Amino acid sequence: MSEIEARLAAGEVAGTGSNWEEIRTSLLRQADREGAIDLAYERHDTPFGTMVIVAGEGGILRIALAAEPETEVLTDLARRVSPRIGRTGRDALTDARRQLDDYFGGELRTFDLPLDWRLTRGFRREVLHETAAIPYGATASYAQMARQAGSPRAVRAAGSALATNPLPIVVPCHRVLRSDGAVGSYLGGSPMKESLLKMERERTAA
Amino acid sequence: MTGNRTHTEGPPPFETALEDHGPRLHAWLLARVGPSRADDVFQETMLAALAAWDRVPVQSVRAWLFTIARNKAIDEQRRDANRPRPEGEVDSWPSAEVAERLEDPVWDQVRELPEKQRIAVTLRFRGDLNHREIGTVMEISEAAARRNVFEGVKRLRERIEDE
């Protein structure tokens, strides 16, 4: 690059430390006011890393644990729901964030949030509905979930419904264990699952 | 190949495109309409893009966004032309504020370039677009885009060496 080219390319670019965040925020707020954003999301720091919480019209639609890369989550939602996705605050997100904080702090046992179940259907949705009813501090097995969802033999399908739970934590798939009592896998990793179960056990015993 | 895959896919998440291309788009608008109006024109551009997001050409999102920005900048310039201005003030860009904001008097020289060269040079160095994208935005061939950048830079160099 010649000297003149370097001079033309030098200097302020929004996003390299200037007021980009302000510009971005104000744009998305306006877009959301105008109803142009279908899916609003926020990043949320938790003891288990940064999660992504997504709200649709009907409520919380997706919670992504830290293990899931944000770009992949967004790209998947763009394809399955709508590409009009923006990182901007909404009341539903504020509520969800507060409740998640309280849950991780051991202060909240039951989530009270409007949920948008659009990302799951059929048998999988039945399994997740049943999972949502497992009380704080309790556990169930994959076989039980399959049975309660109406297909006792579909244990493996129940497992995959839980593995693709779009609303982890709020729909407590971490409370479902293998029939032999082993913790089983978890999208956020087995240590996270164990740690959540331990916290719930301790809080229930107390 | 990635190219083929993206072709069959729908529009990318708006947020991803905003993060990927927004800063450079804003940087270009800063040169084009001046620091005081760049934020507003940027917002207008992105809202218009969002309204048409279902039709975004997935292979050339960036050039598409800059094309919208270019049109919004022209609208803004027309609106601005109607405002009363001090006698003798020329309706041209980059405005004097730009040289100040970017801390380089070269931007006052850019103002003296022919319109096409100004657009090409700013799209290249503020927008960071390649020649093909510049051609798309300006509705000229890639070769013509390259020529406009080249001639613009050459002219700037001559002027600065003359000083």
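Source: prediction; values computed, not measured. Naming: A, B, ... by sequence-line order, numbering from 1 per chain. All heavy atoms count here, side chains included; hydrogens, waters and symmetry mates do not.
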- Query: Taking the side chain as C-beta and beyond, is there a heavy-atom pair between A/Arg87 and B/Phe14 under 4.5 Å?
  - Reply: no
Non-hydrogen atoms of chain A under 4.5 Å away: do they reach the side chain of [X], the backbone, both or neither?
X        : result
B/Leu25  : neither
B/Pro12  : backbone
B/Val121 : side chain
B/Val149 : neither
B/Asp54  : both
B/Trp28  : neither

- Item | From B/Thr122 atom OG1 to A/Leu8 atom CG, the distance as rounded to the nearest 0.5 Å |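 Spacing of OG1 (B/Thr122) from CG (A/Leu8) equals 9.5 Å.
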- Task: Hey, could you give me the CD/CG distance between A/Gln30 and B/Leu47, rounded to the nearest 0.5 Å?
- Result: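 Interatomic distance, A/Gln30 CD to B/Leu47 CG, rounded to 0.5 Å: 6.0 Å.
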- Query: If you tally heavy-atom pairs under 4.5 Å against chain A, which of B/Leu156, B/Val110, B/Val106, B/Leu18 wins?
  - Reply: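 That would be B/Leu18.
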- Start with the C-alpha distance between A/Trp20 and B/Glu19, add both sets of side-chain angles, then the distance that settles side-chain contact (heavy atoms from CB on, under 4.5 Å), and finish with yes or no. CA-CA 10 Å; A/Trp20 170 244; B/Glu19 298 276 6; 3.8 Å; yes
- Task: Start with the C-alpha gap between B/Asp39 and A/Leu27, add the side-chain angles, then the distance that decides, and say whether side-chain contact (heavy atoms from CB on, under 4.5 Å) holds.
- Result: CA-CA 9 Å; B/Asp39 289 5; A/Leu27 162 68; over 6 Å; no
- Task: State whether the number of non-hydrogen atoms from other residues, nucleotides or ligands found under 6.0 Å of A/Glu22 atom CD is greater than 12.
- Result: no
- Kindly check if the number of other-residue, nucleotide or ligand heavy atoms within 6.0 Å of CZ (B/Arg79) is above 12? yes
- Could you list which of residues 72-81 of chain A have a heavy atom closer than 4.5 Å to any heavy atom of chain B, in residue-number order? A/Leu74, A/Thr75, A/Ala78, A/Arg79
- Residue-level interface, residues 98-105 of chain B with chain A, non-hydrogen cut-off under 4.5 Å: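 Listed by number, the contacting residues are B/Arg101, B/Leu102, B/Asp104, B/Pro105.
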- Message: Test side-chain contact (heavy atoms from CB on, under 4.5 Å) on B/Glu15 and A/Arg24; report intermediate values, then the result.
- Response: CA-CA 10 Å; B/Glu15 180 70 33; A/Arg24 204 195 63 80; 2.8 Å; yes
- Message: Taking B/Arg157 first and then A/Glu3, would you say they form a salt bridge - that is, a charged N and a carboxylate O separated by under 4.0 Å?
- Response: no
